[in-house]
Amino acid sequence: MHTFRILTLHGFHSSSRKLSKQTANLRKKLAVSQDGWNAEFIFVDSRFETEPPAEDKEQQRYKWFTAVATETGLPSYDTWQESKSHLIEALIKHAPIDGILGFSQGAGMALILLGTERHGLTASENDVLDRIRFLWLSGGFLPMASNLTLTTGEDTPLRRVKPLIVHGMNDNIVTWERCEPMLSILRDPTIYRPENVGHVIPSRAADIQVYKEFLSNLASTEVYGDAKSHL
């Protein structure tokens with residue numbers, strides 16, 4: 001049986017502790033064997049707290065970056081490089097990692113992690129990035145900043161992964177208009193837009209069935225079979 005190990009990234013002003021609680025039912029359902037596979041979720045916090053910092057550790061909230069206004073018309077993301085380095089360290093620490101679940105700003109950070117240039121990375125750092133086989137992006141948006149360029153050519157990491165895009169029909173925090181541009185940089189994304197769902201990772205029975213089908217398809221593909229052979 002293959003266990004999908006999924007690095008899970010919280011959104012803005014959130015934390016791994018909070019997201020772990022919010023996804024408890026989902027994780028419980030996917031931890032059970034599903035036709036030769038199950039899933040394990042590995043949570044990681046950003047290094048950057050949102051303001052004001054909390055004295056109680058359980059109340060701490062984090063961000064991957066902040067959009068800072070510029071004269072170019074596009075914002076500048078202040079800490080995305082440091083967050084990328086932090087996540088590469090997490091990939092190495094928790095290897096092997098098969099995929100990334102990013103919620104809200106965490107979804108944008110997942111695109112930055114795989115989509116930005118790799119100048120100066122070591123062989124082991126490149127290796128853990130190349131092992132990522134899928135992105136599960138929920139309530140996310142396409143990161144756009146004056147100090148950020150995503151590499152989206154035909155044979156680039158963002159085009160090689162299998163993408164699942166989840167976006168609630170009632171999400172008024174990250175609207176579909178902000179999410180939809182992601183579709184142009186990903187190859188053949190599976191799109192799931194549940195009704196009566198806002199800015200959350202949906203975890204009803206029907207939602208979980210969608211996730212099961214996505215992961216089952218991954219587990220059965222030849223591409224993923226090749227990846228499993230060296231994990």
Side-chain angles (χ1 to χ4, degrees), residues 3-31 39-68 75 77-95 97-116 128-129 132 134-143 145 148 164-168 170-175 178-179 182 194 197-204 207-208 211:
T3 296
F4 286 107
R5 289 173 55 79
I6 304 172
L7 193 71
T8 308
L9 310 184
H10 59 74
F12 182 84
H13 195 60
S14 188
S15 67
S16 60
R17 183 187 297 269
K18 183 177 179 180
L19 190 58
S20 177
K21 291 179 180 179
Q22 293 171 340
T23 57
N25 180 58
L26 180 158
R27 292 185 293 109
K28 180 180 178 180
K29 298 294 185 182
L30 296 185
E40 176 185 1
F41 295 79
I42 297 93
F43 292 84
V44 59
D45 280 319
S46 167
R47 288 177 174 163
F48 302 101
E49 282 193 73
T50 54
E51 298 294 336
E55 294 183 5
D56 183 352
K57 185 174 178 58
E58 292 193 7
Q59 299 301 317
Q60 287 176 343
R61 297 291 183 265
Y62 301 91
K63 60 183 179 180
W64 300 105
F65 52 83
T66 300
V68 179
Y77 291 167
D78 60 353
T79 55
W80 72 263
Q81 295 97 331
E82 294 92 336
S83 291
K84 177 180 176 178
S85 297
H86 176 53
L87 288 177
I88 292 174
E89 291 173 6
L91 289 173
I92 293 172
K93 177 181 178 180
H94 299 290
I97 296 294
D98 300 307
I100 300 174
L101 165 57
F103 173 62
S104 193
Q105 192 185 74
M109 192 63 225
L111 294 173
I112 290 172
L113 177 64
L114 290 189
T116 49
V128 292
L129 289 170
I132 302 300
F134 66 91
L135 291 178
W136 173 353
L137 308 176
S138 187
F141 58 89
L142 179 66
L148 174 71
L164 170 63
I165 308 297
V166 181
H167 203 89
N170 294 352
D171 190 339
N172 296 319
I173 295 178
V174 175
T175 63
R178 292 185 66 197
C179 174
M182 290 196 300
V197 170
H199 194 58
V200 296
I201 299 177
S203 58
R204 303 166 302 183
D207 309 320
I208 291 171
Y211 310 148

Taking the side chain as everything from C-beta on, heavy atoms only, tell me whether [X] gets closer than 4.5 Å to [Y].
X	Y	answer
Phe65	Phe12	no
Pro143	Leu111	yes
Lys84	Thr116	yes
Leu148	Trp80	yes
Leu87	Ile100	no

Closest approach of [X] to [Y] (non-hydrogen atoms, all atoms of both residues):
X	Y	value
Phe141	Gln105	CE2-CA, 3.7 Å
Gly139	His167	CA-ND1, 3.8 Å
Gly140	Val174	O-CG1, 3.3 Å
Thr66	Asp78	N-OD1, 2.8 Å
Glu40	Thr3	CB-CG2, 3.9 Å
Leu26	Pro202	CD1-O, 3.9 Å

Any donor-acceptor pair under 3.5 Å from [X] side chain to [Y] backbone:
X	Y	value
Ser46	Lys63	yes
Thr8	Ile6	yes
Asn172	Gly198	no
Arg27	Ala39	no
Thr79	Trp64	yes
Ser14	His10	no

Let me confirm one number: the [atom1]-[atom2] distance from [X] to [Y], rounded to the nearest 0.5 Å.
X	Y	atom1	atom2	result
Met109	Leu137	CE	CG	12.5 Å
Ser83	Tyr62	OG	OH	12.5 Å
Phe48	Glu82	CZ	CD	4.5 Å
Leu19	Leu9	CG	CG	9.0 Å
Leu101	Leu135	CG	CG	10.0 Å
Thr50	Gln60	OG1	CD	9.5 Å

* Of Leu113, Ile97, Leu7, Asp98, which is the lone residue that meets side-chain contact (heavy atoms from CB on, under 4.5 Å) with Ile132? ->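 Checked Leu113, Ile97, Leu7, Asp98 against Ile132; only one passes side-chain contact (heavy atoms from CB on, under 4.5 Å): Ile97.
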* To do: List the steps and the verdict of side-chain contact (heavy atoms from CB on, under 4.5 Å) for Ile165 and Trp136.
  => CA-CA 6 Å; Ile165 308 297; Trp136 173 353; over 6 Å; no
Using the test side chain to side chain contact (heavy atoms under 4.5 Å, CB included), find all partners of [X] that sit at least two apart in sequence or belong to another chain.
X	value
Ile173	Asp171, His199
Val200	Val197
Ser16	Phe43, Asp45

* To do: May I have the step-by-step check of side-chain contact (heavy atoms from CB on, under 4.5 Å) for Leu164 and Tyr211, ending in yes or no?
  => CA-CA 9 Å; Leu164 170 63; Tyr211 310 148; 4.0 Å; yes
* Run the side-chain contact (heavy atoms from CB on, under 4.5 Å) check on Arg61 and Glu49 step by step: do they pass? -> CA-CA 6 Å; Arg61 297 291 183 265; Glu49 282 193 73; over 6 Å; no
* Taking only Lys NZ, Arg NE, NH1 and NH2, and the carboxylate oxygens of Asp or Glu, determine whether Glu89 and Arg47 approach each other closer than 4.0 Å. => yes
* Stepwise side-chain contact (heavy atoms from CB on, under 4.5 Å) test for Ser20 and Arg17 -> CA-CA 5 Å; Ser20 177; Arg17 183 187 297 269; 5.8 Å; no
